[in-house]
Amino acid sequence: METTLVILKPSALLHGYVGQIIQRFQQKGLVIRGMKMMQLNEAILNEHYAHLIDRPFFPNLLKSMMASPVIVMALWGKDAVEVVRMMTGATNGRKAAPGTIRGDFSMSGQENIIHASDTTENAEIELKRFFKPEEIFDFVPTSIKYTYEPTELL
Ligand code: IDP
Ligand code: MG
């Protein structure tokens, strides 16, 4: 079992899509172990998007990510990183497959609704970046035995 980081970006909040997106994760069977609203700033975004800092679109990306508060979520489940990336879809909303979150809610390479960690290593780093340890709740819902079969929980 693993935990991944999702950010509901300003493009999700400003369009009023937050509820629909959270609903998708819950109905899939992912468990919300942490969730909060926060205003991002340049310092945390320079760290989070360090791999893009030299790209020409970076100043616009910063503005876009600071356009409103965001919602950060810690989602727990088996292979959660991979499952959430599949649900997220390709970076560019116009290329993302229908049925994915980006495919169903966006038309842009930048205004693409959510961030999701891309590897388990990055998920660990990113969860620490956005959450204090006490903001992630280490609980298992009683419904878990109807979400997985026993050997999947090992
Ligand atoms: P990812 O979000 O699918 O992991 P990354 O390449 O890590 O994609 O890029 C991070 C974010 O930077 C994207 O989600 C998007 O908001 C923005 N971005 C990436 N490539 C472009 C681009 O070519 N133009 C504008 N924004 C981009
Ligand atoms: Mg990425």
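In each ligand, atom 1 is the first atom listed, and ligand 1 is the first ligand listed. Basis for what follows: all heavy atoms, side chains included, without hydrogens, waters or symmetry-related copies.
When all heavy atoms of M35 and F131 are compared, the pair lying nearest together is N-CE2, 3.8 Å. Summarising the geometry of S117 relative to V81, their closest heavy-atom pair is O-CG1, 3.6 Å, with the distance given to 0.1 Å.
Stacking of K78 on the aromatic ring of Y148 is not recorded, the 6.0 Å distance cut-off and the 45° axial limit not both being met.
Comparing heavy-atom distances from atom 4 (O) of ligand 1 across H51, R85, H115 singles out R85 as nearest. Ranked by closest heavy atom to atom 9 (O) of ligand 1, the top entry among I7, L52, T88 is L52.
Counting only heavy atoms of the protein, atom 1 (P) of ligand 1 lies nearest to T91 OG1, 3.6 Å. Of the protein's non-hydrogen atoms, L61 CD1, 3.7 Å is the one closest to atom 17 (C) of ligand 1. For atom 15 (C) of ligand 1, the closest non-hydrogen atom on the protein side is G109 O, 3.2 Å. Closest to atom 21 (C) of ligand 1, if we only count protein heavy atoms, is F57 CZ, 3.3 Å. Ranking the protein heavy atoms by distance from atom 2 (O) of ligand 1 puts R102 NH2, 2.9 Å first.
Interface atoms of ligand 1 facing K9, defined by a heavy-atom separation under 4.0 Å, are 13 (C), 14 (O), 15 (C), 16 (O).
R85 has no carboxylate O lying under 4.0 Å from a charged side-chain N of D118, or vice versa, which leaves the two without a salt bridge.
Under the 4.0 angstrom criterion for non-hydrogen atoms, D118 is not in contact with ligand 1.
Counting non-hydrogen atoms of neighbouring residues, nucleotides and ligands closer than 6.0 angstrom, the CE atom of M107 reaches no more than 12 such neighbours.
In summary, the side chains of T4 and E2 do not present any donor paired with an acceptor at a separation below 3.5 Å, with no hydrogens or angles considered.
Between H115 and V70, every side-chain heavy-atom pair lies at or beyond the 4.5 Å cut-off.
Residue-level proximity to ligand 1 for H48 is absent, since no heavy atom of it falls below 4.0 angstrom. Counting heavy atoms under 4.0 Å from ligand 1, residue N112 touches it through the side chain alone.
Backbone and side-chain nitrogen or oxygen atoms of R55 are examined, and none is located within less than 3.5 angstrom of a nitrogen or oxygen of ligand 1.
Ring-plane geometry between H48 and F130 is classed as perpendicular, the angle between the planes exceeding 60 degrees on a 0 to 90 degree scale with a lower cut at 30.
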